[in-house]
Each structure stands twice: as structure tokens, then as C-alpha cells.
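We use all heavy atoms of the structure for the numbers below, so side chains are in, but hydrogens, waters and symmetry mates are not.
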Amino acid sequence: MKTTIEEIVKKTPATRDRYVDFLRAFSIIVVVIGHWLSAVVIKNENGIRVNNAVGMIPGLWILTWVLQVMPLFFFVGGFSNARTINSLRNKGESLIAFYKKRAVRLLKPTVFFLIIWIIITIFFVILVPEWQKYRIGIIATVGPLWFLAVYLFVTLISPFMLTLHRSKKLLIPVILLILTALIDYIRFKFDVPAIAWLNVFSVWVFVHQIGYFYEDGSLVNLPFVAKFLIAISGLAGLSILTNTGIYPKSMIGTGFEKISNMNPPTICISFLSLWLIGLAMILRDKINKWLDKATPWFFVVLANQTIMTLYLWHLTAYTISFLILYQFGLGHHTLDNISVWWLERPVFLIMPAIILIGLIKIFGRLEKSGI
């Protein structure tokens with residue numbers, strides 16, 4: 001018998017940490033909206049080029065210090081993975097169930113997404129003689145896959161890292177933070193750009209590891225002053241690092257800076273994570289009271305039902321929207337006329353949202369399950 005969202009809402013146990021589900025949905029939705037708002041698509045006789053408004057509009061980088069919330073997804077991933085692993089261990093069950101559940105949830109919608117886009121790309125290459133002009137657009141559309149690959153790796157090693165957390169506690173994230181700083185030092189001091197990719201491990205495992213402190217109650221039980229210090233230390237670290245002349249101020253890659261803080265990640269993302277996690281812990285009690293109400297919790301459950309489908313297909317929805325709206329004269333101005341570009345932003349939010357809802361209706365059934 002199919003369980004409805006309303007039934008899931010009613011049956012939500014009092015022990016469930018609703019804030020975790022809120023942060024998961026919030027982080028992905030903010031990323032989606034951020035991509036839609038900041039995309040500057042240039043289509044001309046040379047093909048398609050995709051730029052980012054953050055790198056083109058002075059001062060817009062400050063928004064990335066609040067809206068680059070992908071660290072929150074890894075943070076709550078640490079909580080969720082620890083909760084599941086601990087539950088299985090307490091029952092004396094094998095971790096195979098953990099890996100199976102995570103693999104099905106992540107890979108089932110992802111593999112289908114890949115198959116669809118491989119078919120589209122094959123037909124595009126066959127039917128469009130000058131297809132190479134548009135390859136940047138295709139690459140940008142399947143861009144979300146980088147995150148899933150990293151998250152799968154972090155999930156794969158999470159039982160081992162959770163064991164380390166139990167015995168070493170704070171020592172593990174401290175070591176990972178020092179390792180990130182050392183990798184950055186070697187990268188910039190000795191001009192070894194390839195070593196930067198090691199930070200894909202150190203940074204995202206660092207963020208995921210902090211999620212274990214949420215799961216075991218350490219973060220929740222901290223006094224307000226301690227939570228504030230976590231947030232302010234992250235913000236101070238960001239301010240110092242981005243004024244050294246080494247790191248760009250934007251927390252996303254825009255293509256206009258010499259390097260990107262995000263891919264491969266730098267130590268700035270570690271400090272961004274501390275800032276956002278500290279802030280999230282400060283706001284937790286107030287938002288939890290709000291989540292006790294049926295309506296907001298309903299929408300959180302609804303979003304989490306197909307959260308990976310939403311993430312995977314959101315740039316496809318934007319691409320379809322752009323191709324349609326371009327025929328009606330929208331999207332031609334890019335940033336040569338900034339006022340017109342801003343006026344068009346609501347349309348480039350509403351249209352992709354409508355199309356994305358349709359895509360979720362079609363492909364979301366591959367993911368749907370109780371949260």
C-alpha cells in the first residue's frame with residue numbers, strides 16, 4: 001500500500017530531528033535557486049557560453065558567504081549516516097544494509113539521469129554538425145554529478161570515520177583542517193596545482209565529520225556562546241584568508257578568478273562550513289518550533305521525498321527554459337544591460353521551477369520513499 005506524504009507527516013515520531021531534514025532540503029533548494037539566478041548564458045554564432053553573475057557584478061560575492069550552503073548538506077549527511085550506522089550496530093546488524101540504502105537512494109535516480117543525458121548527447125552529436133559549439137552547455141547541465149561522486153566517497157568511508165570519531169573526537173577534524181592548510185600551502189608556495197585535488201577528501205570529510213558531533217549531541221548541547229564562537233571563528237577565518245591576495249572572495253567558482261575556492265576546495269570552504277554550521281546551530285531551536293507545525297513540516301517532507309531528483313534535473317529544467325524563453329526575446333541581454341537582466345530574473349526562476357516540477361513528476365518515482 002502506497003504511503004502518502006500526509007501519512008508520513010502524521011506518523012513522524014517525536015524523536016525525529018526535523019531540523020536535519022529541513023537543512024537537507026534548504027541546502028539543495030538554495031543551491032538550485034542560486035544556479036538559476038546567477039547563470040549568464042550567452043548564445044551567439046560561436047555557440048553557447050555559460051558565465052556566472054557573481055564574477056561579473058562587483059560586490060555580489062558577499063552573497064556566496066551565506067548562500068553557498070553545500071557544506072550544510074555534507075554536515076547533515078554526517079548526522080544521517082552516523083544515525084543509521086549506530087542504529088544498525090546497536091541491533092547487531094551488518095553494514096550492508098547501510099550501503100544498500102544509500103546506494104539505492106543516490107544511484108538509482110543518478111544512473112537514470114546519466115542514461116537519459118547520454119542518449120540526448122548521442123543524438124545531438126549525430127544531428128547537429130557543429131555540436132562542439134554547444135558542448136559547454138551540455139557539460140554545465142550535467143555538472144551536478146561532481147557533488148554526488150564526492151558524497152558517495154564520503155559515505156563509503158563513513159563507518160571507519162565514525163569509529164575514529166568515537167575514540168578521537170575533536171582530534172580528527174583538527175587533523176583534517178591542518179591537512180587542508182598544508183595542502184594549500186604546498187599548492188601555492190611551490191606551485192603544485194595538482195595537489196589541490198587532495199582537498200576534495202580533506203575538506204568534505206572535515207564537514208561530514210562535524211555532523212557526527214551533531215548526532216552525538218555535542219553540538220546541540222553547547223551553550224550559545226560556544227555556538228557563536230564557532231560561527232564567528234569561521235567568519236573571521238574567511239575574512240582574513242580572502243584578504244591575503246591568495247584566495248578569491250567568492251565561495252563559488254565563477255571562471256573570472258585565477259582559482260576557485262570550491263573546485264577543488266580550499267581551506268576557505270572549511271571556514272565557510274564553520275560559519276554556516278555555527279549559524280545553523282544558533283537558529284536551530286527557533287526553526288524547530290516552526291517545524292512542529294503541520295504545514296512547514298509537510299513541505300519539508302515533500303522536498304525530501306525527491307531531493308536528489310530535484311538536484312539532478314534542475315539545470316536541465318533551466319536549459320529547457322532558456323531555449324524556450326530565448327525564442328521570445330528573453331535572455332538576449334546578458335549583462336550588457338544590467339537593469340534588463342535583473343528584470344528578467346523572476347521569469348528565469350518561475351519557468352525553470354514549472355518545468356522542474358514536471359520533471360520531478362516523471363522521474364521522482366525512482367527516488368520516492370519515506371524520509
Near-ring test F73/F147, centroid separation under 6.0 angstrom:
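Between F147 and F73, the centre distance is under 6.0 Å.
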Aromatic ring proximity F348/W36, centre distance under 6.0 Å
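For F348 and W36, the ring centres are not under 6.0 Å apart.
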Residue [X] excluded, over 12 heavy atoms near [atom1] under 6.0 Å:
| X | atom1 | result |
| --- | --- | --- |
| I139 | CD1 | yes |
| R89 | CZ | yes |
| Y326 | OH | yes |
| F188 | CZ | yes |
| E130 | CD | no |

Residue pair F328, V347: steps toward the side chain to side chain contact (heavy atoms under 4.5 Å, CB included) verdict
CA-CA 12 Å; F328 292 91; V347 182; over 6 Å; no
Hey, what do you get for [atom1] ([X]) to [atom2] ([Y]), rounding to the nearest 0.5 Å?
| X | Y | atom1 | atom2 | result |
| --- | --- | --- | --- | --- |
| T306 | L312 | OG1 | CG | 11.0 Å |
| M251 | W65 | CE | CH2 | 6.0 Å |
| I178 | S202 | CD1 | OG | 12.0 Å |
| I354 | I320 | CD1 | CD1 | 13.0 Å |

Heavy-atom pair with the smallest gap, counting every atom of [X] and [Y]:
| X | Y | answer |
| --- | --- | --- |
| H208 | S158 | CE1-CB, 3.7 Å |
| T266 | T180 | C-CG2, 4.2 Å |
| L310 | V32 | CD2-CG2, 3.4 Å |
| N52 | F256 | O-CE1, 3.9 Å |

Under a single-linkage definition using a 4.5 Å side-chain heavy-atom cutoff for Ile, Leu, Val, Met, Phe, Trp and Tyr, are [X] and [Y] assigned to the same hydrophobic cluster?
| X | Y | result |
| --- | --- | --- |
| L198 | I175 | no |
| W290 | F298 | yes |
| L107 | Y99 | yes |

Can a donor-acceptor pair be found, under 3.5 Å and without considering hydrogens, that links the side chain of [X] to the backbone of [Y]?
| X | Y | value |
| --- | --- | --- |
| R18 | L291 | yes |
| Q209 | M161 | yes |
| T163 | P159 | yes |
| H314 | Y311 | yes |
| N51 | I42 | no |
| Q68 | M70 | yes |
| T244 | I240 | no |

Verify the distance criterion only: is there a donor paired with an acceptor across the side chains of [X] and [Y] at less than 3.5 Å?
| X | Y | result |
| --- | --- | --- |
| E257 | S260 | no |
| Y247 | D184 | yes |
| T84 | R102 | yes |
| N304 | R24 | yes |
| R83 | Y214 | no |

With R135 as the cation and W131 as the aromatic partner, state whether NZ or CZ is under 6.0 Å from the six-membered ring centre and within 45° of the axis.
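That pair does not qualify as a cation-pi contact.
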Does E367 come within less than 4.0 Å of R105, counting only side-chain N to carboxylate O?
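Judged by the 4.0 Å cut-off on N to carboxylate O distance, E367 and R105 do form a salt bridge.
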Hey, is K169 close enough to D216 for a salt bridge, meaning N to O under 4.0 Å?
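Salt bridge present between K169 and D216.
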Contact check, side chains of [X] and [Y], non-hydrogen atoms, under 4.5 Å:
| X | Y | value |
| --- | --- | --- |
| K227 | R284 | no |
| L170 | F213 | yes |
| L162 | Y212 | yes |
| Y19 | L283 | yes |

Identify each donor-acceptor pair in which a side-chain atom of residues 109-118 lies under 3.5 Å from a protein atom, sequence neighbours left out, and give them as a table.
from, atom 1, to, atom 2, distance (Å)
T110, OG1, L106, O, 2.5
W117, NE1, T316, OG1, 3.0

